[in-house]
Amino acid sequence: MFFTNGDDERLQRAWAHENGLREDTPLADILLAQIEANRTEVFYNLDPIRFDSAFLKRLPGHVKRTIAWRAAPGNPTCPAMISLYRTSRPSVLGMKAWEFVLPSSSRLTILNWMLTLAVATVT
């Protein structure tokens with residue numbers, strides 16, 4: 001299990017420095033390097049707008065499931081590339097698979113979701 005915030009520049013730059021990446025490496029490339037280094041099988045995307053279909057197409061082959069949090073109305077980001085959407089808004093329908101969850105700002109809760117889903121979806 002590896003958890004990071006792909007849009008936390010300070011955290012991402014520290015990881016990049018510790019792992020020998022150039023100082024000007026884009027944040028998306030740092031996240032991809034983390035996914036590769038940890039052989040991630042489940043990518044839980046809390047920002048499917050920032051990490052969109054262009055990013056998802058770059059995921060390495062060992063990523064078996066992509067799960068996205070989606071609460072905003074509108075067209076979902078590349079629904080064919082997402083295994084499961086999680087939402088706190090039942091009105092966000094039209095996705096191929098979704099699960100209703102209560103919203104929470106707790107990152108511990110998010111980590112618990114990830115652990116549960118990783119165990120349940122990767123066999």
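The distance from atom CD of Gln12 to atom CG of Asp29, rounded to the nearest 0.5 Å, is 11.0 Å.
Using a 4.5 Å heavy-atom threshold, the side chains of Ile35 and Phe43 count as touching. Taking the side chain as every heavy atom from C-beta outward, Leu31 and Phe55 approach each other to under 4.5 Å. Leu21 has its side chain out of reach of Arg13: every pair of non-hydrogen atoms, C-beta onward, lies at least 4.5 Å apart.
Residue pairs that meet the ring-ring contact (aromatic ring centres under 6.0 Å, His included) test with at least one member in residues 19-40, sequence neighbours left out, do not exist here.
Closest non-hydrogen pair, Trp15 versus Ala37, comes out as CZ2-CB, 4.1 Å. Scanning all heavy atoms of the two residues, the minimum distance from Pro60 to Leu32 falls at CD-CD2, 4.5 Å. Contact record, Thr40 with His62: O-ND1, 2.8 Å, taken as the closest heavy-atom pair.
The side chain to side chain contact (heavy atoms under 4.5 Å, CB included) check on Arg22 picks up Asp24, Thr25, with sequence neighbours excluded. Not counting sequence neighbours, the partners of Arg50 by the salt bridge (charged side-chain N to carboxylate O under 4.0 Å, His left out) test are Asp7, Asp47.
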